[in-house]
Number of protein chains: 2
Amino acid sequence: MGVLEKIKVGKRPTIVPMAELPLDQILRSDCIAAMRALPAKSVDMIFADPPYNLQLGGDLARPDGSHVDAVTDAWDKFDSLDAYDAFTRAWLAEAKRILKDNGAIWVIGSYHNIFKVGAAIQDLGYWILNDIVWRKSNPMPNFKGTRFTNAHETLIWASMGEKARYTFNYRSMKTLNDELQMRSDWEFPVCGGPERLKKDGIKVHPTQKPEALLYRILLACTKPGDVVLDPFFGTGTTGAVAKRLGRRWIGIEREPDYIAAAEERIAAALPLDESMLKTMQSPKAAPKVAFGVLVENGFLTPGRFVVDARRKHRAMIRADGSLESLCGATGSIHKLGATLQNAPSCNGWTYWHFETGEGLKPIDALRQEYLLATQP
Amino acid sequence: MGVLEKIKVGKRPTIVPMAELPLDQILRSDCIAAMRALPAKSVDMIFADPPYNLQLGGDLARPDGSHVDAVTDAWDKFDSLDAYDAFTRAWLAEAKRILKDNGAIWVIGSYHNIFKVGAAIQDLGYWILNDIVWRKSNPMPNFKGTRFTNAHETLIWASMGEKARYTFNYRSMKTLNDELQMRSDWEFPVCGGPERLKKDGIKVHPTQKPEALLYRILLACTKPGDVVLDPFFGTGTTGAVAKRLGRRWIGIEREPDYIAAAEERIAAALPLDESMLKTMQSPKAAPKVAFGVLVENGFLTPGRFVVDARRKHRAMIRADGSLESLCGATGSIHKLGATLQNAPSCNGWTYWHFETGEGLKPIDALRQEYLLATQP
DNA sequence: GCGGCGCATGAATCCAACG
DNA sequence: GCGTTGGATTCATGCGCCG
């Protein structure tokens, strides 16, 4: 790794599960060169915020005459659309080499670049799982009244291939979204206020991303201890949130000013305590309960009958927690429900019901009762 | 046009400004073949809802076991990603030939295809103006809990090139959005209820788009009388809305069932009356008034002084409606304001103020008075 | 101390007609 | 085609100053 100038941030953790990876460090280097030096199949996730290739024209003024501070940094300049395309495919290819087979990649962009990025992702054999829209609650207006206010950015989440596995903490997202499935459109304000890193009153990085965005991504798609690589580290939002969430991180960045700001910021970030992480990570709000346990514990007795909500199908409870229908078919509550409906799958907990004085109730209600009675 | 079987819908309007175009008709044909038969630089807008190339796996069932009705039609099947890419580039290239120099294209898609579409649009020399997110207020949930609820689709709006002109009815959009700039994220419900076309209780088209979506697009980016082409016409949402809004339309569609449904639907669509259209179209609430006209009409007399809001700059009104500052600089209200502020431009109407008993007032207030006094 | 007002600012592909 | 000129154009938020 002669090309890399490693810079440690804070204390190197005592446990280093992958000795060859430069964990919790910023590699000062060109992004592609640094990625080439990393071992294959070694990181769990990549979050990338590459240059957008904005191609801005002349100066822009607000209606009040004030000047708009545009992104004119050299790192966002490319000679042509083809040059940008080549750059995009090069770093995405390296990313694919570095990712574990069950890893995943997130890339953020705007209409200037995201279509090129997405097309490259598909061509390289990644499998897109979702595109996510970051709706900005406070976007910059369109000052000349020539287009729609550009009020969002787009993220792509992709696995390593069509059949590849990936991490998705469904329960964490549902909990975070007030017990509704998390949707593909997320609303956050742009990064500002105390969160925005400044030096002498001037923003350190023109496009610092909000921590809330990274928080949701890392919470949804990584496990504690997972390694997250950010090849366009900037001022280290990914590192700061990874540290907070008990994930390991690797940053790649060229600009010394950005690196210095990131180091300071990450050193100050406070990790959440482990019990908090465990709670957020838990795949289910409640532990699993087998139907047989309810039978064992007398909530339903063998020989009783359960029916579907319309009383079309009827089955007898057996001692082992399986069901037997009148036609002789047997199986678990899920299996028999699927068989009788001629469906590929079935949630037996909500499909099967039992008779009460107040009419039918789903057997799931008994599971709730059991949990209430047994949980501390 | 031997390959085309033209089908008229309703009465052909008596005024046909472009005799060579098959206006207000559905062309029963393959989309690329039909486009090849249309003259170059002849249509003002293309709205396209191409196949999404969904690549669905096996059947999908809801948690209650019911079957999810997926898009499995032959027209959404492609042999490979490359085949889809080639198809996309072919029709987009024809579209570019057909569009007028100051025309524009809209394409809708999902993450399955929109990145390929967007990349092709850029490669073909179109210039992306915005990407728009259609947020579905009632999306289908992710039944397996394996991903985020796919709750949006993406539209791309592009002009014919970087320097090309295009139509954007800024005021109409701002009015439609309660006097705030229209943003790039739009919320609509998916097409359902009475709007959803059905035959024998079964939906005619699997991906019928809501009319509200087309309404906003056509209102924003076309003028009355403009010609809108939809190369994937389906059940004719574009035609129905175009007729309602006083725009001309051309549809291309292969499936006879879709054509039949579209014909019936468009025949029943009621055009808005002309005065309504004019109101929605008006670029400004008020006509232009030159500053000199106010001087001519005695609202301000030559020799009086105007100042900026902070009283930093002061200028004398001259008889011809120009201003002269104390330092001797002269020019229009806009020009002098820009000069004195050392700014590239300036809106003189809001920059310059005059003294009243209640303090300073912008000269724009006098323009309003003038308009009130002279407008019928 | 608190509320109100003014100012600054954020990934921006940001004018159009006429001579 | 190009240079000139008239004139149209902004939303949410945070911060600091002032009363």
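Below, read A as the first sequence line, B as the second, and so on, with proteins coming before strands; counting in each chain starts at 1. All heavy atoms count here, side chains included; hydrogens, waters and symmetry mates do not. Not measured: the values here are computed from a predicted model.
With rounding to whole Å, B/K163 atom NZ is found 12 Å from C/dC15 atom C1'. Following rounding to the nearest Å, A/Q55 (CD) and C/dA11 (C1') show an atom-to-atom distance of 13 Å. The OH-C1' distance, from A/Y84 to C/dT13, rounds to 13 Å in whole Å. Separating the CG atom of A/D69 from the P atom of C/dG10 is a distance of 5 Å, rounded to the nearest angstrom. The CZ atom of A/F148 sits 13 Å away from the P atom of C/dT13 (whole-angstrom rounding). We find that CD of B/Q181 is positioned 13 Å from P of C/dA12, with the value rounded to whole Å. Atom pair A/I202:CD1 and C/dT9:C1' shows a separation of 13 Å (rounding to whole Å applied). Look at CG on A/L197: it is 13 Å from P on C/dG10, rounded to the nearest Å.
Residue-to-nucleotide contacts include a donor-acceptor pair under 3.5 Å from the side chain of A/R147 to the base of C/dT13. Counting atom types as modelled, A/R62 pairs a side-chain N or O with a base atom of C/dG10 as donor and acceptor under 3.5 Å. Evaluation of atom-type donor-acceptor distances gives a pair under 3.5 Å for the side chain of A/K209 against the base of C/dA11.
Side-chain atoms of A/W75 lie closest to C/dA11 of the nucleotides C/dA11, C/dT13, C/dC14. Considering only side-chain atoms of A/N142, the nucleotide from C/dA11, C/dC14, D/dT10 that sits closest is C/dC14. For B/S345, the side-chain atoms get nearest to D/dG7 when compared with the rest of C/dC14, C/dT13, D/dG7. With distances taken from any side-chain atom of B/Q122 to the nucleotides C/dT13, D/dT9, C/dA11, the minimum falls on C/dT13. Side-chain proximity of B/N347 to C/dC14, D/dA8, C/dA11: nearest is D/dA8. When distances run from any side-chain atom of A/K144 to the nucleotides C/dA12, C/dT9, D/dA8, the shortest one goes to D/dA8. For A/P141, the listed nucleotide lying nearest its side chain is C/dG10; candidates were C/dA11, D/dG6, C/dG10. Relative to the side chain of A/S137, the nucleotides C/dA12, D/dT13, D/dC11 differ in distance, and D/dT13 lies closest. Among the nucleotides C/dA11, D/dG6, C/dT13, the one closest to any side-chain atom of B/H334 is D/dG6. Among C/dA11, C/dT9, C/dA12, the nucleotide with an atom closest to any side-chain atom of A/H112 is C/dA12.
The base-pairing partner of C/dG3, taking Watson-Crick or G-U wobble contacts with both distances under 3.5 Å, is D/dC18. Remark: C/dC14 base-pairs with no nucleotide in the shown strands. Criterion, Watson-Crick or G-U wobble with two distances under 3.5 Å. Nucleotide D/dT9 forms no Watson-Crick or G-U wobble pair with any nucleotide shown, as no partner meets the under 3.5 Å limit on both distances. Partner assigned to D/dC2 is C/dG19, using Watson-Crick or G-U wobble distances below 3.5 angstrom.
Residue B/E162 is out of contact with every strand shown, counting any heavy-atom pair closer than 4.0 Å. At a threshold of 4.0 angstrom between heavy atoms, the contacts of A/C191 with the nucleic acid are absent. Nucleic acid contact class of A/D49 (heavy atoms, under 4.0 Å, all strands): base. Contacts of B/I128 with the nucleic acid, taken as non-hydrogen atoms under 4.0 Å apart, include base atoms. Nucleic acid contact for A/P210: none, since no nucleic acid atom lies under 4.0 Å from a heavy atom of the residue. The residue A/G58 sits close to a base: some heavy atom pair falls under 4.0 Å.
Classification of the B/F291-B/W349 ring pair by plane angle, with boundaries at 30° and 60°, yields perpendicular. Ring planes of B/W157 and B/F168: tilted class, angle from 30 to 60°. Note: A/F115 and B/F115 have tilted aromatic rings, judged against thresholds of 30 and 60 degrees for the angle between ring planes.
The shortest distance between the side-chain N/O atoms of B/S332 and the OP1/OP2 oxygens of D/dG6 is below 4.0 Å. OP1 or OP2 of D/dA8 lies within a sub-4.0 Å distance of a side-chain N or O belonging to B/R367. Distances shorter than 4.0 Å separate some side-chain N or O of B/W349 from OP1 or OP2 on D/dA8. The phosphate of D/dT10 (OP1 or OP2) has a side-chain N or O of B/K174 nearer than 4.0 angstrom. Considering only side-chain N and O atoms, A/K203 lies under 4.0 angstrom from the phosphate OP1 or OP2 of C/dG10. Residue B/R165 has a polar side-chain atom (N or O) positioned under 4.0 Å from OP1 or OP2 of C/dA17. Close to D/dT9, at under 4.0 Å from its OP1 or OP2, lies no side-chain N or O of B/Y351. OP1 or OP2 of C/dT13 lies within a sub-4.0 Å distance of a side-chain N or O belonging to A/N150.
With a 6.0 Å cutoff to the six-membered ring centre and a 45° limit on the axis angle, A/K136 counts as a cation-pi contact of A/W134. In this structure, B/K96 satisfies the cation-pi test against B/Y126, with its NZ or CZ atom closer than 6.0 Å to the six-membered ring centre and inside 45 degrees of the ring normal.
When the options A/F233, A/F232, A/W75 are evaluated for a ring-ring contact (aromatic ring centres under 6.0 Å, His included) with A/H205, the one that passes is A/W75.
Residue B/W127 and nucleotide C/dT13 are classified as a stacked aromatic pair, their ring centres being separated by less than 5.5 Å at an interplanar angle below 30°.
With C1' as the reference atom, D/dG1 and C/dA16 are 15 Å apart, rounded to whole Å. Rounded to the nearest Å, the gap between the P atom of C/dG1 and that of D/dG16 is 15 Å. Remark: the separation of the P atoms in C/dG19 and D/dG7 is 14 Å, to the nearest Å. With P as the reference atom, C/dA17 and D/dT9 are 14 Å apart, rounded to whole Å. With C1' as the reference atom, C/dC7 and D/dT10 are 14 Å apart, rounded to whole Å.
Contact check on A/R135 versus B/E187 returns no salt bridge, with no Lys/Arg side-chain nitrogen under 4.0 Å from an Asp/Glu carboxylate oxygen. Salt bridge annotation for B/D101-B/R165: absent, with no cationic side-chain nitrogen under 4.0 angstrom from a carboxylate oxygen. Ion pairing between A/D257 and A/K199 fails under the 4.0 Å rule for side-chain N and carboxylate O. Note on B/R183 versus B/D185: salt bridge recorded, some NZ/NE/NH1/NH2 to OD/OE distance being below 4.0 Å.
Along DNA chain D, the nucleotide closest to A/P194 and the one closest to B/F291 are compared, and the more 5′ of them pairs with B/F291. For A/N138 and A/N53, each mapped to the nucleotide of DNA chain C holding its nearest heavy atom, the one lying further toward the 5' end belongs to A/N138.
The glycosidic torsion of D/dT10 lies more than 90° away from 0, which places this base in the anti conformation.
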